[in-house]
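Letters go in sequence order (proteins before strands), and every chain restarts at 1. The structure presented is a predicted model; accordingly, all values stated were derived computationally and were not measured.
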Amino acid sequence: MASSQKHGVLYQLERLEAHDQRSARPQDGHQGPQDSETDLEAKILKLRKLRDELRTKVKLHEAGARIPIANLEPYEPLKNSEENLKMKLEKAKAFFQAFHLTGLSGKLTTKGVCICFNTAFEGNILDSYYVDLIIKKPLQIHRHSVPVFIPLEQIAAKYLETNFQHFVYSLSEHLNGYSGRKYQADQLQCGFSAFLARPLQRNSLCTLLSFTYTMDPSGESFPFCARLVYQDLTTTLPTDVTITYQGTGATPASWENQRAVHETLFYKNALHKVFESFLRVRENFDCVSSVP
Amino acid sequence: MGHSSVIGMDEIVAEFIRRTILKIPVAEIGKILRIWNFIPESQLKTINLKQCKENVSQDVVELCKKKRASMKEAAILDIIYHQTCQIKKIWTVYKMTKAPGEEVDLSDMEEFKDSFKKVLQRALKNVHISFRDSEDTAVWIRIAWGTPYMKPNQYKTTYMVYHSQTPFVFISHCRIKKYIPELWQALMTAGNYHKIQQMELRSLYLDSLKAIVFKQYNQDFQTYCLTSLEEENSEVEIVDPRIIHENMKEKERIQRVTRETFGDYVQPRIEFAQYKLETKFKTDPKNGILAEREEPFRCLVKFSSPHLLEALKSLAPAGIADAPLSSLLTCIPHKAMNYFTIREK
């Protein structure tokens, strides 16, 4: 998979570079002393370029960057096999990090395989979970670090024997769903606590979130009491949103309008994104109201 | 439930608060009172924490009297004390199971609490039930038991910790054991479970029990994790290359096996493991009077330590035991058990 990429863009660059180097090589013989000057100049440029490349390589290596430094000097014979091995090791580490980023990776163990589920939400890398399987008939889960409220036994009962790929896929969906919901709840709790009239309430799977918020920092406006239900364990958006008013008395029409708008927002957007938009509204409002 | 009298705070409540404050270490009193949030900050500042504890608790009681604290608030103070300080009480783990075919339900914590309270109060007269949510989506339930003729005894309480959508309950019992069936019924009805069973897992450390049962401790999984690829530098104190470690290979093998079994991180903390043996005595058939005994030889082996799993982890590297250790010892966190019965196969 990765090697075909190597023959893509990077390979093209190498070929262009080689071509360039060949055409930069001075013609033999006929030209006079001025051209030997240009020869020397060309040589200086080439050496400088090489020096810069080596410097970058050293810097990157020191900075601990795990980006594969493949094919920087493809036609440089590597002087020393230890350096060769080191580069290979760097490449291998980079591959494993790439696998890690795909969200699903595995390693063969003595008795079977250990699958690693790396969860993420909107580009943020979240927790990893492991399932250690023993390969024998029937396929068994030896150990795992999946939280107890994820229905692992049910998923395994349904798919482990019959359709292994589906088992892995279903478990991955559940874990990513959970991680995503947990991330949103944590973001709301930590990042937007100024909006919340009382702390966020949630259950272990984060499938039921309940919170009360106000748009007005002074707390004078009517609060919104929201209850988000996620019926589908694999989704990160709620299936049911209810916003109510918990106090006594009637709510103004403006509140009702806002409520309808907010309900739609919660259905369609991640929780913290909705509150980010509230923050922007509040900031704009503050800007406008501070203008004399 | 104790009623606050018309004139002021009930004397029973006052005494209970006084005794609770006396139990709290001085360093934690301020913190706990702030979490309790019953006495306003301005009044809390007037308490001199440097005087002797008797006086501190008396001051707190006076402030509570001004605000007419009832048993309800005092019970919350008790819960906070238990949540904050390391109480020397054994926690037992119970596992509930759903009826086959039931899916994971939504589990509204408020409904759980209402349902639990209703069922228990319907079954028993004079029980005082208090709830307090903790940060990790769990609820702490405090139950003070009474009888049909006596008000609840606030000093004989049972604590339960329950995480929503999990089948586990952690219970720290007081000595009153006769209401256990009613307690189970309330739990199962509220949580929508079908059966409850005690697990062979007990410890003083609630957090460790949670780590074991929720698999939150760092188990060692074999992956291509970047950290595991980095070689750890062995300590190199010796400068002269002519000097080598004797048995270096064996040492490295032990380190590797220990790491594979226990992982790199700190183990959950438990203080004992108990093995009840009901196996036949194994010996040379010709010697000894025990040789031909048919009945199993009953014996109880108990390992104790301030931190048992870490102690086991250090046995092989210290040279006291062979690596790998017996799986009976190493399976404790995986099997979530520290009480074993070993019978003849």
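Evaluation of the ring pair (Phe, Tyr, Trp, His ring centres under 6.0 Å) rule for B:His334 yields no partner, not counting sequence neighbours. Looking at residues two or more places apart in sequence or on another chain, you find a ring pair (Phe, Tyr, Trp, His ring centres under 6.0 Å) between B:Phe112 and B:Tyr162.
Here the closest non-hydrogen pair linking A:Arg227 and B:Asp108 is NH1-OD2, 2.8 Å. Between A:Val148 and B:Thr166, the closest heavy-atom pair is CG1-CG2, 3.5 Å. Taking each heavy atom of A:Ser204 and B:Gln165 in turn, the nearest pair found is N-OE1, 3.3 Å.
Atom OH of A:Tyr169 is surrounded by 12 or fewer heavy atoms from other residues, nucleotides or ligands within 6.0 Å. Surrounding CG of A:Asp240 are more than 12 heavy atoms belonging to other residues, nucleotides or ligands, all under 6.0 Å away. The environment of NZ in B:Lys67 is crowded: more than 12 heavy-atom neighbours from other residues, nucleotides or ligands sit within 6.0 Å. Around the CD atom of B:Glu41, the shell of radius 6.0 Å holds more than 12 heavy atoms that belong to other residues, nucleotides or ligands.
Contact annotation for A:Gln189: neither backbone nor side-chain heavy atoms come within less than 4.5 Å of a heavy atom of chain B. In this structure, chain A has a heavy atom under 4.5 Å from the side chain of B:Glu110, while its backbone stays farther away.
Rounding to the nearest 0.5 angstrom, the gap separating the SG atom in B:Cys331 from the CZ atom in A:Arg143 is 12.0 Å. Taken from CG in A:Leu208 to OG in B:Ser164, the straight-line distance is 9.0 Å, to the nearest 0.5 Å.
Two residues are said to be in side-chain contact when any heavy atoms from C-beta on lie closer than 4.5 Å; A:Gln201 and B:Met109 fail this criterion.
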